[in-house]
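Read the structure below first, then the notes.
Computed from a prediction, not measured in an experiment: that's the story for all the values here. Chain letters run A, B, ... following the sequence lines, proteins first and then strands; every chain starts at 1.
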Amino acid sequence: MSDEHTDRAHEDTRLGRLQRALLAWYDLQGRDLPWREPPEDGSGQTADARSRPGARCRPWAVLVSELMLQQTQAARVAARFPEFLGRFPDPATMAAAPVSAVIDAWQGLGYNRRAVNLHRAAQEMVWRHGGHLPRELDELEALPGVGPYTARAVAAFAYGQLRAPVDTNVARVMARAVAGAGLGRAEAQRVADGLVPVDRPADWSHALMDLGARYCTARRPVCGSCPVATQCAWRAAGWPDPDPARASSVRAGPQDAFAGSDRYCRGRIVDALRRAPLDASEVAATAGLEDAPERLERIVVGLVRDGLAVRDEHGGLCLPGRGG
DNA sequence: AACTCGGGGGA
DNA sequence: TCCCCAGAGTT
């Protein structure tokens with residue numbers, strides 16, 4: 001690992017106090033989320049990740065949850081995750097299933113390409129990695145749908161490596177509480193790398209995310225009751241404008257009107273395909289694009305290219321792997 | 001660097 | 001309405 005970590009003591013520094021305060025808060029108030037459960041240890045006891053310092057989460061469960069969590073709020077994922085994991089309990093089960101089954105189970109989560117990516121990742125795990133997730137960062141990033149964030153999340157949460165997954169929450173906390181200044185993407189990563197405590201890397205990143213979700217929120221941070229308020233650089237400076245988090249880089253791109261958009265039409269079509277194949281005329285009606293054949297064609301081509309649909313010789317559509 | 005990709009929740 | 005959400009892949 002080339003990343004700089006903090007074995008060097010932050011003992012009596014502001015950041016050292018911030019670390020201890022945040023972890024202490026996390027131990028008592030951290031979110032209890034289903035994918036944080038460690039593997040069964042055979043003792044038959046219900047596991048509490050935070051009660052066992054060495055405990056790690058199941059790698060497959062971590063990967064599934066992280067794919068689901070990409071641009072999707074944790075609460076919504078938490079509602080779907082247990083059932084989904086029950087249906088695909090390991091990579092081999094998913095790899096053996098048709099991708100249509102995974103797209104089906106993805107219903108309501110959005111960004112359906114993630115379901116295709118997850119299925120392909122499961123296949124690669126079976127074909128190239130003995131049915132397991134790889135441990136190296138570059139091997140993880142080579143999996144479809146796994147980028148810099150997700151690779152580090154798996155490394156930290158599943159394998160206990162000293163990695164810093166920088167999501168939108170962590171980026172915000174780094175900019176506000178740690179730096180008190182806007183950070184570019186690479187800069188935020190470097191700052192986060194330097195803060196990972198060697199004894200609790202997974203808990204630390206979970207704690208940062210929980211802080212970002214509960215107190216250090218994007219819109220209106222709740223500084224009054226924040227557990228690290230007294231160590232926060234932005235607060236110490238008197239909350240100067242602009243908000244450092246807004247100058248940070250992990251923000252999403254420009255948002256477009258949703259109703260009637262390409263994304264909306266794609267969603268309508270895929271959702272219909274989950275129920276049954278469509279013939280050509282039904283496709284147009286489903287998308288509400290009877291009067292826009294060129295646009296419909298472009299959208300359908302996109303769905304096929306993304307592995308979310310296959311087209312027959314008459315222009316009908318069905319989910320890949322599901323005969324029409 | 002800028003776009004695209006779903007859908008829901010909250011203010 | 002507008003903004004945001006445990007991002008990644010493509011152009």
Original post:
Roughly how many Å is it from CG in A:Asn112 to C1' in C:dA8, rounded to a whole number?
Top reply: 15 Å
**OP:** Let me see the working for A:Ser205 and A:Arg163 under side-chain hydrogen bond (donor to acceptor under 3.5 Å, both in side chains), right down to the final yes or no.
**Re:** CA-CA 9 Å; A:Ser205 286; A:Arg163 301 290 189 186; over 6 Å; no
**OP:** Counting Watson-Crick and G-U wobble pairs only, both distances under 3.5 Å, name the nucleotide matched with B:dG9, or none.
**Re:** C:dC3
**OP:** Please state the P separation for the pair C:dA6 and B:dC3 - nearest whole angstrom.
**Re:** 24 Å
Original post:
Tell me: CD1 of A:Ile103 to P of B:dG7, nearest whole Å?
Top reply: 13 Å
Subject >> side-chain hydrogen bond (donor to acceptor under 3.5 Å, both in side chains) partner of A:Asp104, chosen from A:Arg322, A:Arg87, A:Arg275 >> reply: A:Arg322
**OP:** Remember a base hit wins even if backbone is also touched, and classify A:Val146 as base, sugar-phosphate or nothing at under 4.0 Å, heavy atoms.
**Re:** sugar-phosphate
**OP:** Determine the minimum heavy-atom distance between A:Val62 and A:Ala158, stating which atoms define it.
**Re:** CG2-CB, 4.2 Å
Subject >> P atoms of B:dG6 and C:dT11, separation to the nearest Å >> reply: 15 Å
**OP:** Would you classify A:Pro165 as touching base, sugar-phosphate or nothing, given that sugar-phosphate means primed atoms plus P, OP1 and OP2, and contacts are heavy atoms under 4.0 Å?
**Re:** nothing
Original post:
Base, sugar-phosphate, or nothing for A:Ala218, non-hydrogen atoms under 4.0 angstrom?
Top reply: sugar-phosphate
Give me the distances for all protein-to-nucleotides 8-11 of chain B N/O pairs that come in under 3.5 Å?
residue: B:dG10; atom: N2; partner: A:Arg219; partner atom: NH2; Å: 3.1

Original post:
For the residue pair A:His206 and A:Phe157, does the interplanar ring angle fall in the parallel (under 30°), tilted (30 to 60°) or perpendicular (over 60°) class?
Top reply: parallel
Subject >> Criterion side-chain hydrogen bond (donor to acceptor under 3.5 Å, both in side chains) on A:Arg172 and A:Asn169, from CA distance to verdict >> reply: CA-CA 5 Å; A:Arg172 223 168 31 238; A:Asn169 289 305; 2.8 Å; yes
**OP:** Mind checking A:Gly110 for me? I need base, sugar-phosphate or nothing, with any heavy atom below 4.0 Å counting as a touch.
**Re:** base
Original post:
How long is the line joining CG of A:Leu109 and P of B:dG6, in whole Å?
Top reply: 12 Å
Original post:
Ignoring hydrogens and angles, does a donor from either the side chain of A:Thr72 or the base of B:dG7 sit under 3.5 Å from an acceptor on the other?
Top reply: no
**OP:** Would you mind reading off the distance between A:Gln107 atom CD and B:dG7 atom C1', rounded to a whole angstrom?
**Re:** 10 Å
Subject >> Pair A:Tyr215 and A:Trp25, ring centroids less than 6.0 Å apart >> reply: yes
Original post:
Atom CD of A:Glu141 and atom C1' of C:dG9: how far apart are they, to the nearest Å?
Top reply: 13 Å
Subject >> OP1 or OP2 of C:dG7 under 4.0 Å from side-chain N/O of A:Gln70 >> reply: no
Subject >> Length of the line joining A:Leu303:CG and B:dG6:C1', which is rounded to integer Å >> reply: 12 Å
**OP:** Give A:Thr150 one of three labels, base, sugar-phosphate or nothing, depending on what nucleic acid heavy atoms sit under 4.0 Å from its own.
**Re:** sugar-phosphate
**OP:** Find the distance A:Asp210:CG to C:dC5:C1' and express it as a whole number of Å.
**Re:** 15 Å
Original post:
In whole angstroms, how far is the C1' atom of C:dC5 from the CG atom of A:Leu69?
Top reply: 10 Å
Original post:
So, do A:Arg266 and A:Asp306 sit near enough that their side-chain heavy atoms are less than 4.5 Å apart?
Top reply: yes
Original post:
What pairs of residues pass the salt bridge (Lys or Arg N to Asp or Glu O under 4.0 Å) test when at least one of them lies in residues 278-295 of chain A, not counting sequence neighbours?
Top reply: A:Asp262-A:Arg295
**OP:** Select from A:Thr217 and A:Arg113 the residue whose nearest nucleotide in DNA chain C is closer to the 5' end of that strand.
**Re:** A:Thr217
Original post:
Of all the choices, B:dC5, C:dC5, C:dA6, which nucleotide is nearest to the side chain of A:Arg172 once you look at every atom?
Top reply: C:dC5
Original post:
Looking across every strand, which nucleic acid part, if any, lies under 4.0 Å from A:Arg305 by heavy atom: base, sugar-phosphate, or nothing?
Top reply: nothing
